[in-house]
Visitor: 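First the structure, which I've put down as structure tokens, then a few questions once you've had a look.
First the proteins, then the strands, lettered A, B, ... as listed; each starts at 1.
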Amino acid sequence: MNWNTLLFVIFPYLAILLALVVTVYRSLTRPFTISSLSSQLLERRKLYWGSISFHYGIVIILSMHLLALLFPRGLLWWNSVPIRLYLLEFSGLALGFWSLAGLAVLVWRRLSEARVRVVTTPMDGVVLALLLVSVITGLWMALAYRFGSTWFTAVFTPYLVSIFTLQPRAELLAPLPWVIRLHVFNFFLLLVAFPFSRLVHIITLPLGYLLRPWQIVIWARRRDDRRAYS
Amino acid sequence: MNSRREIIPITYRLAPALLLAGALLLASAYLASAGPLAQTADEGRAIFEQKCQACHTIGGGRLVGPDLQSVTTRRERAWLLSFIGTPDRMLAQGDPIATQLLAENNNVPMPNLGLTQSEVESLLAYLENPAGAGQATTQPQAPTQVLPPGNYARGWKLFTGEVALVGGGPPCMGCHNVGGIGRYGGGSLGPDLTQVYSRLGEPGLTSALANFPFPTMAAVFTGKALDPQEQADLLVFFAQVDAQGQAMPPAVFDRYFWFWGLTGMALLFAGMVIFWPRQRLSISEALRRKR
């Protein structure tokens, strides 16, 4: 038993368990609290620059993590030609910086806008701090410990598979630099925060919008007004 | 807001469960760390074969590191205990013997093997009397193995990953750089390997390719060892790269990654400008302006 086992075996299982149980409990007992607690009605301009860049950036990057977990061989095949590897790494970095800039705008908005500040809970601060750590350590790794897109498949794919198959192999993480281990540990902290915070809105994944029929919105106003309201 | 009120009580209600989970966590940590392992020379032999043999022999001459025969009489016991346990820390603190050893061994530092205090004690018990601990296999395995002739071009492809490793391990380039490998270099998680051939020497590199005596690689390549042909191809590849000597530390490439990352971000923000006008006003703002 050592710190490595505590942080990367025991804590992850507790985090996963907590995230699952509390999310189910919350959606059964308080379904209407499953919300992103949008403050768009209170402030829109900073939200546009912050939310769009953060969300698109983080969703694409998270999907790439998931793809690396599900199709490690496909990823290694893509990376087997250096120019493709560089392209993937540059894109990931661009999305990471985009996401970080968006997050910074969101923090600034929450601090500078009085109306937004009023509806801010301590948990919002926790979520923002955890997300900042996650994105900053991720960028740090992408810049200092290249090439994550390749070594993810050798370290984190087997590690995560070992967690899911209940045969944890934390020794894979033990020799890695602390920034990388912080990135992983912080992910499990996010899992713990998940069911207790606005992060829970992730489970509402709005994929239905991709398949539903178009909705036609008809404005019952004069043409000139329409622009001002949209 | 209503939704805020709803959430806080849930957090409070679950506080006991969280506290209980924390208490269980600490208790299990304490219980698991309580029982020390038996310190025996047999355990020491097992550790030696698993973690030391790739770089050291006992009476078989030097490999990557020095021959460890009678090391327990050459050095103080206290020094051995702390150096084997935390060689990286000893070096960082500027220990004179550790610094001298580093210079004597082509600047290849001994990695921290993550051994516990009691494991180091067992190892020392074995090193004091290698012959006494069961069937000691003091001969290194790797150098005795005869490799087939290697191929430089294939070594290159194995390094970049164009030819996948048979055992399923990741390609070298994911973590390592060598001179002239690609426009923006190789990986930087692991050390630059341009001069690895002369640094480790042929026997040392042969042994390293067979056993991966470095903690990160040992874990990654568990059950994914290189086959003899791959070892031979990579050995030839490293020998030639070393001879060409185009050393280009990965740090040289850092600025390209900063540049393209930030440029990409700027492009993405530029794309957002196209959609900006439609987001300009909130409903209340629009109403206020209309007046």
Visitor: Is it the case that atom OH in A:Y13 sees more than 12 heavy atoms from other parts of the structure closer than 6.0 Å?
Guide: yes

Visitor: Tell me, yes or no, whether the heavy-atom count around A:R73 atom CZ, taken from other residues, nucleotides or ligands under 6.0 Å, exceeds 12.
Guide: no

Visitor: Would you check, one step at a time, whether the test ring-ring contact (aromatic ring centres under 6.0 Å, His included) holds for A:F97 with B:W260?
Guide: CA-CA 10 Å; A:F97 276 121; B:W260 285 113; over 10 Å; no

Visitor: Could you pull out the closest heavy-atom pair between B:G261 and A:L93, with the gap in Å?
Guide: CA-CB, 3.8 Å

Visitor: For B:A219 and A:R169, work out which heavy atoms get closest and say how close.
Guide: O-NH2, 3.1 Å

Visitor: Please classify the contact between A:N79 and chain B as side chain, backbone, both or neither, with a heavy-atom cut-off of under 4.5 Å.
Guide: backbone

Visitor: With a 4.5 Å cut-off on heavy-atom pairs, point out which of B:G264, B:G185, B:P170 contacts chain A the most.
Guide: B:G185

Visitor: Could you check whether atom CZ of B:R89 has more than 12 heavy atoms from other residues, nucleotides or ligands sitting under 6.0 Å from it?
Guide: no

Visitor: Using non-hydrogen atoms and a 4.5 Å limit, figure out which bit of A:P177 sits close to chain B: side chain, backbone, both or neither.
Guide: side chain

Visitor: Just so I understand: if I count every heavy-atom pair under 4.5 Å between each of B:L189, B:I181, B:T222 and chain A, which residue has the most?
Guide: B:L189

Visitor: Working to the nearest 0.5 Å, report the span between SG of B:C175 and CZ of A:F147.
Guide: 10.0 Å

Visitor: For the residue pair A:A154 and B:V220, what are the closest heavy atoms and their distance?
Guide: CB-CG1, 3.6 Å

Visitor: Between B:M272 and A:Y56, is a side-chain contact (heavy atoms from CB on, under 4.5 Å) present by the stated rule, with each step listed?
Guide: CA-CA 11 Å; B:M272 287 176 72; A:Y56 276 91; over 6 Å; no

Visitor: Can you measure from CG (A:L85) to OG1 (B:T160) and round to the nearest 0.5 angstrom?
Guide: 10.0 Å

Visitor: Which atom names give the shortest non-hydrogen contact between B:D254 and A:L143, and what distance separates them?
Guide: OD1-O, 4.0 Å

Visitor: Say you draw a straight line from CG of B:L268 to CD1 of A:I52; how long is it, rounded to the nearest 0.5 Å?
Guide: 12.5 Å

Visitor: Given heavy-atom pairs under 4.5 angstrom as the criterion, report whether the side chain, backbone, both or neither of A:I180 touches chain B.
Guide: side chain

Visitor: Looking only at heavy atoms, which two atoms of A:A94 and B:M265 are closest? And how far apart?
Guide: CB-N, 3.8 Å

Visitor: With a cut-off of 6.0 Å (strictly less than), are more than 12 heavy atoms of other residues, nucleotides or ligands near NZ of B:K224?
Guide: yes

Visitor: Under 30°, 30 to 60°, or over 60°: which ring-plane class applies to A:W49 and B:F269, parallel, tilted or perpendicular?
Guide: tilted

Visitor: Need one label for A:L18: side chain, backbone, both or neither, based on atoms under 4.5 Å from any heavy atom in chain B.
Guide: side chain

Visitor: For the residue pair B:Y256 and A:F90, what are the closest heavy atoms and their distance?
Guide: O-CE2, 3.9 Å

Visitor: In terms of heavy-atom pairs under 4.5 Å, which option from B:A164, B:A218, B:G161 contacts chain A the most?
Guide: B:G161

Visitor: Is it true that a side-chain atom of B:R183 and a backbone atom of A:P82 form a donor plus acceptor pair closer than 3.5 Å?
Guide: no

Visitor: Can you label the angle between the B:Y184 ring and the A:Y86 ring as parallel, tilted or perpendicular, going by 30° and 60°?
Guide: perpendicular

Visitor: Nearest 0.5 Å, what's the CG-CG distance between A:L76 and B:L165?
Guide: 9.5 Å

